[in-house]
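Remember, it's 1-based here, ligands and their atoms both numbered in the order they're listed.
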Amino acid sequence: MSEMEKFRAEVRAFLEAHCPPSQRQPIIREEQIWAGKKTQFPSEDARQWFEAMRDKGWTAPEWPTEYGGGGLTPEQARILQKEMARMNCRPPLYDMGLWMLGPALLAYGNDAQKATHIPRIVRGEARWAQGYSEPSAGSDLASLKTRADDHGDYFVVNGTKIWTTRADVADWIFCLVRTDPEATKQQGISFLLIDMESEGVSTAPIQLISGESEFCQTFFDNVKVPKDNLVGELNEGWAVAKELLKHERKLMGTMESITEKVDVGLVELAREHLAFDENNKLSDRELRQGIARHLMNDEAMASLNERMFHEFKAGKSDPRLPMLVKHLGTSELQRKDELILRILGNQGLSWESDRTSPNIHRMVRNWAYNKAHTIAGGTSEIQLNIIAKRALGLPDQ
Ligand SMILES: Cc1cc2nc3c(=O)[nH]c(=O)nc-3n(C[C@H](O)[C@H](O)[C@H](O)COP(=O)(O)OP(=O)(O)OC[C@H]3O[C@@H](n4cnc5c(N)ncnc54)[C@H](O)[C@@H]3O)c2cc1C
């Protein structure tokens with residue numbers, strides 16, 4: 001048995017022993033386990049599953065063991081990921097620290113910052129929010145105005161961040177701030193970690209059309225932030241910001257793996273709701289082609305991911321490929337949602353009703369919710385601009 005086969009057998013045994021059957025179901029939004037002081041477990045099974053993964057360091061499988069991570073090689077981490085997918089295991093932990101800040105901190109943080117924050121992220125002890133966007137700095141992020149003025153041992157931060165997802169329940173927020181107002185755009189920006197309990201930090205909910213309030217606006221009013229919380233060099237936060245965005249976009253491109261999933265394939269769903277002809281073919285030809293196109297694109301995405309993994313392992317990564325992943329992954333997910341709605345027909349109008357099943361409501365709500373993915377983490381238009389310029393080498397207009 002090869003080393004990797006041995007590892008796979010170990011992983012299987014571990015998952016069999018520690019992942020209760022209730023945690024081998026498609027995840028639903030209300031049962032996601034978010035990090036932080038206010039973590040709530042929907043059930044004892046969920047707590048047990050989270051704790052087993054946390055103690056093994058497999059909430060962050062590839063992070064160094066000295067910080068509590070799993071210390072796995074990329075190949076081992078991939079085996080773990082595939083085995084979890086095969087057994088339908090739920091993600092054990094949700095947090096922006098895990099997905100975005102951690103990798104950036106491992107690359108740019110100093111020893112003290114890593115020792116303080118990384119283990120807490122692995123253990124789900126602190127929930128992080130992202131403070132990038134501002135009311136007049138979204139796509140043009142580098143025009144941000146929140147400022148951090150140097151006061152000796154600390155900065156004083158003033159300004160506001162918008163669309164800060166669940167900052168109201170976060171323990172910490174990572175922020176881009178302007179530390180040199182004279183410098184041109186990207187040059188005068190720094191990357192700061194701010195404790196949400198600091199005096200002068202407040203949040204105001206933003207109501208969404210769905211009635212939910214996932215976003216906040218976060219305000220900083222003379223907030224004192226110790227200089228120890230500066231990540232990377234002063235005025236060079238843009239490099240940290242870009243490293244973090246790389247991870248955010250990779251995550252967004254594979255969003256379906258962590259968001260609520262509808263446990264049904266398109267073909268099965270079509271069989272349930274639509275007519276098939278005597279040759280066992282879906283009668284609606286256009287829809288049939290749409291489903292076939294989606295299934296092929298899905299396969300192509302899986303192959304692209306596989307290719308990127310093997311190139312990475314061989315130390316021959318093509319830097320252009322990750323630029324494509326967010327745009328391709330998010331637009332394909334939206335195409336799938338449109339197909340689902342077409343299959344559901346009139347039932348796809350159902351948002352909440354006793355007459356349709358909760359599974360249908362979930363599909364319809366996902367259709368609305370997944371529209372956000374081509375905006376968050378950089379809009380598709382901006383992604384296409386980046387691909388045109390950096391991947392294809394096209395000139396500026
Ligand atoms: C679900 C969700 C969660 C989010 N969470 C967070 C968070 O936690 N923290 C955070 O900081 N931000 C968050 N955001 C904000 C997100 O990063 C911004 O919405 C995004 O960067 C776009 O900025 P904007 O909304 O200001 O749109 P704008 O930049 O005003 O863009 C408006 C439209 O103009 C287009 N456009 C702009 N410039 C160009 C150009 N040069 N070429 C072509 N088209 C252009 C855009 O593509 C878009 O269609 C979140 C957004 C969403 C939807």
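Residue-to-ligand polar distances place E381 within reach of ligand 1: an N/O pair is separated by less than 3.5 Å. Between E214 and ligand 1, no pair of N/O atoms sits closer than 3.5 Å.
For atom 48 (C) of ligand 1, the closest non-hydrogen atom on the protein side is T379 CG2, 4.0 Å. Scanning the protein for heavy atoms near atom 28 (P) of ligand 1, the closest one is S139 OG, 3.7 Å. The protein heavy atom nearest to atom 18 (C) of ligand 1 is S133 OG, 3.9 Å. Distance from atom 9 (N) of ligand 1 to its nearest protein heavy atom, with residue and atom name: Q130 O, 2.8 Å. Atom 26 (O) of ligand 1 has as its closest protein heavy atom G138 CA, 3.3 Å. The nearest protein atom to atom 19 (O) of ligand 1, hydrogens excluded, is given as I375 CG2, 3.5 Å; this is a heavy-atom distance. Here the protein heavy atom with the shortest distance to atom 52 (C) of ligand 1 is A376 CB, 3.4 Å.
Each of the atoms 8 (O) of ligand 1 lies under 4.0 Å from some heavy atom of M96. Using a 4.0 Å cut-off to heavy atoms of A372, the atoms of ligand 1 that qualify are 1 (C), 53 (C).
At least one protein heavy atom sits closer than 4.0 Å to atom 31 (O) of ligand 1. Distance screen at 4.0 Å: atom 15 (C) of ligand 1 has a protein heavy-atom neighbour inside the cut-off. By the definition of a contact as any protein heavy atom under 4.0 Å away, atom 1 (C) of ligand 1 is in contact.
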Side chain to side chain donor-acceptor pair (under 3.5 Å) assessment of D337 paired with N366 = CA-CA 7 Å; D337 289 329; N366 276 353; 5.7 Å; no

ask   = Please walk me through it: do E332 and N297 pass side chain to side chain donor-acceptor pair (under 3.5 Å)?
value = CA-CA 7 Å; E332 199 50 48; N297 287 348; 3.0 Å; yes

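The part of N385 lying near ligand 1 is the side chain, judged by heavy-atom distances below 4.0 Å. Using a 4.0 Å cut-off between heavy atoms, T165 contacts ligand 1 through both its backbone and its side chain.
Put simply, the side chain of W49 gets close to the backbone of R90: a donor and an acceptor are under 3.5 Å apart. In this structure, the side chain of Q130 does not engage the main chain of F174 through any donor-acceptor pair within 3.5 Å.
Relative to atom 3 (C) of ligand 1, the option among W163, F215, F174 with the closest non-hydrogen atom is F215. Nearest to atom 38 (N) of ligand 1 by heavy atom, out of I382, T374, I173, is I382.
Residues forming a salt bridge (Lys or Arg N to Asp or Glu O under 4.0 Å) with R285 (at least two apart in sequence, or on another chain): none. Listed by chain and number, the residues in a ring pair (Phe, Tyr, Trp, His ring centres under 6.0 Å) with W172 are H117, W128 (sequence neighbours excluded).
Side-chain atoms of R342 and E286, non-hydrogen and from C-beta on, do get closer than 4.5 Å to each other.
A cation-pi contact, defined as under 6.0 Å to the ring centre and within 45° of the axis, links R29 to Y369. A cation-pi arrangement is absent between K161 and F220 under the rule of less than 6.0 angstrom and at most 45 degrees off the ring axis. Judged by the 6.0 Å and 45° rule, K56 forms a cation-pi pair with F14.
Ring centroid separation for the pair W163 and Y132 does not come in under the 6.0 Å cut-off.
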